[in-house]
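I have placed the structure first, in the form of structure tokens, so that the comments after it can refer back to it.
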Amino acid sequence: MRILKIRDISIVVLFATLSTAKSFAQKSEINIQQDEKFVKLLEDKRKINSSITVNDRYKIQIFYSDSSSETKKTLKEFRKEFPDISSTIIFDSPTYKIWAGGFNMRINAERTLKTIKETYPYALLIKPNK
């Protein structure tokens, strides 16, 4: 007959204790308090984003890059060269895009695209849907 050593007994007791013991997890409540200015800022951002509608209009994408500074520089150049065409930067993670125009009819967008392609050969016609 084998005699159990103290080490063996302690392992068996430890295993039995851990396998049958109840777990008493702490119950906690998290209370997040936001500054009123932050809430107002979020509301303003939602309003601005909802006002940037693309509707069913055609746009011309003249540029895309992962560099914010390069995109801003290109937008500035575009606005100097084509002051009558509205343009904006769109951030679609991880790239920045420059969209120009807002054309109801495809034919008008294609005419403008032809002019823009003389300066920006990689420009393309898009019809974004948000």
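In this text the structure is predicted, and so the values were computed from the model without any measurement. Values reported hereafter were calculated over all heavy atoms of this structure, with side chains retained and with hydrogens, waters and symmetry mates removed.
Here CG of Leu125 is found 7.5 Å from OH of Tyr58. Values are rounded to the nearest 0.5 Å. Interatomic distance, Phe91 CZ to Thr71 OG1, rounded to the nearest 0.5 Å: 10.0 Å. Taken from CD1 in Ile126 to CG in Leu113, the straight-line distance is 11.0 Å, to the nearest 0.5 Å. Residue Thr95 holds its OG1 atom at 8.0 Å from CG of Asp66, rounded to the nearest 0.5 Å.
With sequence neighbours excluded, no residue forms a salt bridge (Lys or Arg N to Asp or Glu O under 4.0 Å) with Lys114. Evaluation of the side-chain contact (heavy atoms from CB on, under 4.5 Å) rule for Glu36 yields no partner, not counting sequence neighbours. Residues satisfying the side-chain hydrogen bond (donor to acceptor under 3.5 Å, both in side chains) test with Ser69, not counting sequence neighbours, are Ser67. Tyr122 pairs by the ring-ring contact (aromatic ring centres under 6.0 Å, His included) definition with nothing, not counting sequence neighbours. By the ring-ring contact (aromatic ring centres under 6.0 Å, His included) test, Phe78 is found to be paired with Phe82, Tyr120, residues two or more places apart in sequence or in another chain being considered. For Lys37, the side-chain contact (heavy atoms from CB on, under 4.5 Å) partners at least two apart in sequence or on another chain are Asp35. In this structure Arg111 satisfies the salt bridge (Lys or Arg N to Asp or Glu O under 4.0 Å) test with no other residue, sequence neighbours excluded.
Hydrophobic cluster of Leu41: no remaining members, since no ILVMFWY side chain lies below 4.5 Å from it. Side-chain contacts under 4.5 Å among hydrophobic residues (ILVMFWY), followed directly or transitively, place Tyr64 with no other residue at all. Hydrophobic side-chain contacts under 4.5 Å tie Ile107 into a cluster, directly or through other members, with Met105.
Sequence neighbours left out, the pairs with a member in residues 76-87 that pass side-chain hydrogen bond (donor to acceptor under 3.5 Å, both in side chains) are Arg79-Ser87, Glu81-Thr119. Under the salt bridge (charged side-chain N to carboxylate O under 4.0 Å, His left out) criterion, the residue pairs touching residues 85-109 are Asp92-Lys97, Arg106-Glu110, with sequence neighbours excluded.
Closest approach of Ile89 and Tyr96 over heavy atoms only: CG2-CD2, 4.1 Å. Heavy atoms only, all atoms of each residue included: Gly102 and Lys59 are closest at CA-NZ, 4.3 Å. The shortest non-hydrogen separation linking Leu75 to Ile98 is N-CD1, 3.5 Å. Between Gly101 and Ile85, the shortest heavy-atom contact is N-CG2, 3.6 Å.
The shortest distance between side-chain heavy atoms of Arg57 and Asn104 falls below 4.5 Å.
Surrounding NZ of Lys72 are at most 12 heavy atoms belonging to other residues, nucleotides or ligands under 6.0 Å away.
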